[in-house]
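First the structure, in the form of structure tokens, and then the observations on it.
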Amino acid sequence: MLDKKVVELLNQQVNKEFYSAYLYLDFSNYYYDQGLDGFGNWYKIQAQEERDHAMLFIEYLQKNGERVSLEAIDRPSAALTGAKAVLNEGLQHERYVTGLIHAIYDAAHSVKDFRTMQFLDWFVKEQGEEETNAENLVKRFELFGDDPKSLYMLDNELGSRTYSAPSLVL
């Protein structure tokens, strides 16, 4: 059995991951509306990843005999006021999620729940990659966003991104 506080945090993370999927779908829709289909594609794939992250947390709870508690998912409330602003919102959100993962890890560590810590190791690494990707998108937009030809090329590059499901063995 897992510690009660750790289970509570893992269940909360399920909701946060589904919220992240909603948020990134909102970002995706924004970019599609702006005619930046590559950016829309990039965030649509981000949404798929977040949904799969939620499913990994659910599967972990179930395999450990814990009840999964699904809660209402908040409507995204980020102000989508421009292409660069959306990218900055994405970066801030990834930093927020990193903090949530670290809080669960800290709770698991405090009760010597090494199994959960090992499970979370993948997410710690993943969040590092997600923050780097979000930072790079902001930097690249700052470099190229004002030049229509460069923005077109960046949009095309982001449009070529394909989805690949996470490979985490539970």
Side-chain angles (χ1 to χ4, degrees), residues 2-3 5-31 38-64 66 68-71 73-74 76-78 84-142 154 157-170:
L2 301 177
D3 177 77
K5 178 65 175 173
V6 171
V7 170
E8 179 184 330
L9 291 171
L10 289 167
N11 267 304
Q12 288 174 6
Q13 193 62 31
V14 169
N15 183 273
K16 299 296 185 183
E17 297 291 340
F18 280 130
Y19 173 79
S20 295
Y22 269 36
L23 179 66
Y24 291 152
L25 280 175
D26 200 32
F27 290 4
S28 177
N29 291 334
Y30 170 82
Y31 283 116
F39 284 83
N41 175 67
W42 199 87
Y43 274 109
K44 182 171 56 175
I45 289 171
Q46 283 299 108
Q48 290 173 304
E49 285 186 4
E50 303 304 337
R51 179 203 62 216
D52 282 352
H53 293 170
M55 297 306 292
L56 288 170
F57 279 100
I58 288 170
E59 186 177 351
Y60 180 76
L61 286 163
Q62 290 170 338
K63 286 190 174 190
N64 283 280
E66 298 296 339
V68 175
S69 175
L70 298 175
E71 301 294 331
I73 301 168
D74 292 336
S77 61
K84 182 181 172 187
V86 173
L87 295 176
N88 281 317
E89 287 282 343
L91 174 57
Q92 294 310 311
H93 185 72
E94 288 300 341
R95 289 176 176 160
Y96 168 70
V97 172
T98 297
L100 295 171
I101 298 294
H102 289 177
I104 303 168
Y105 199 100
D106 186 52
H109 182 265
S110 72
V111 294
K112 298 186 185 319
D113 181 353
F114 301 111
R115 183 181 335 146
T116 298
M117 290 165 54
Q118 184 179 26
F119 167 71
L120 292 172
D121 282 343
W122 183 88
F123 288 95
V124 170
K125 181 178 180 243
E126 174 73 5
Q127 279 309 120
E129 292 171 6
E130 295 292 0
E131 283 190 39
T132 298
N133 289 339
E135 288 169 356
N136 287 341
L137 270 178
V138 170
K139 288 177 187 174
R140 292 174 77 197
F141 191 87
E142 288 172 347
L154 179 57
E157 180 184 324
L158 296 176
S160 68
R161 182 181 185 200
T162 58
Y163 180 68
S164 93
S167 57
L168 175 64
V169 178
L170 300 179

ring-ring contact (aromatic ring centres under 6.0 Å, His included) evaluation trace for Y30 with F27: CA-CA 5 Å; Y30 170 82; F27 290 4; 8.4 Å; no
N29 side-chain N/O to L25 backbone N/O, donor-acceptor pair under 3.5 Å: yes
Salt bridge (Lys or Arg N to Asp or Glu O under 4.0 Å) partners of E157, counting only residues at least two apart: R140
Other residues, nucleotides, ligands: >12 heavy atoms within 6.0 Å of H102 NE2: yes
Set of residues satisfying side-chain hydrogen bond (donor to acceptor under 3.5 Å, both in side chains) with respect to E89, sequence neighbours excluded: none
Side chain Q127, main chain E94, donor-acceptor under 3.5 Å: yes
Nearest heavy-atom neighbours spanning I73 and Y22: CG2-CD2, 3.8 Å
Spacing of I104 atom CD1 and D113 atom CG [to the nearest 0.5 Å]: 11.5 Å
Aromatic plane relationship, H53 with F123 - under 30° parallel, 30 to 60° tilted, over 60° perpendicular: perpendicular
CG on L10 to OG on S69, rounded to 0.5 Å: 12.0 Å
Any side-chain heavy-atom pair of F141 and F39 under 4.5 Å: yes
Residues N11, N15; criterion side chain to side chain contact (heavy atoms under 4.5 Å, CB included); working and verdict: CA-CA 7 Å; N11 267 304; N15 183 273; over 6 Å; no
Approximate separation, where rounding is to 0.5 Å, of I101 CD1 and D121 CG: 11.5 Å
Over all atoms of both residues, closest heavy-atom pair of P76 and D26: CB-OD2, 3.7 Å
Sequence-distant partners of L100, side-chain contact (heavy atoms from CB on, under 4.5 Å), two or more places apart: Q13, K16, Y96
Set of residues satisfying side-chain hydrogen bond (donor to acceptor under 3.5 Å, both in side chains) with respect to Q48, sequence neighbours excluded: none
Short side-chain to backbone donor-acceptor contact, N41 and L158, under 3.5 Å: yes
From R95 atom CZ to E131 atom CD, the distance as rounded to the nearest 0.5 Å: 6.0 Å
E135 vs K139, salt bridge (charged side-chain N to carboxylate O under 4.0 Å, His left out): CA-CA, chis, key distance, verdict: CA-CA 6 Å; E135 288 169 356; K139 288 177 187 174; 5.1 Å; no
Closest approach of L87 to L137 (non-hydrogen atoms, all atoms of both residues): CD1-O, 3.8 Å
Qualifying residues under salt bridge (Lys or Arg N to Asp or Glu O under 4.0 Å), relative to R51, sequence neighbours excluded: none
Interatomic spacing from CG in N133 to CD in E129 - rounded to 0.5 Å: 7.0 Å
Ring geometry between F57 and F119 (parallel below 30°, tilted from 30 to 60°, perpendicular above 60°): perpendicular
Whether N64 side chain and E66 backbone form a donor-acceptor pair below 3.5 Å: no
Verdict with supporting geometry, V97 and E17, side chain to side chain contact (heavy atoms under 4.5 Å, CB included): CA-CA 8 Å; V97 172; E17 297 291 340; 4.0 Å; yes
side-chain hydrogen bond (donor to acceptor under 3.5 Å, both in side chains) partners of Q46, counting only residues at least two apart: E130, R161
For G40 against S28, the heavy-atom pair lying closest together: O-OG, 2.7 Å
From OG1 (T116) to CG (L2), nearest 0.5 Å: 4.5 Å
Side-chain touch Y19/H93, heavy atoms, less than 4.5 angstrom: yes
Taking every non-hydrogen atom, the tightest pair across V14 and A54: O-CB, 3.8 Å
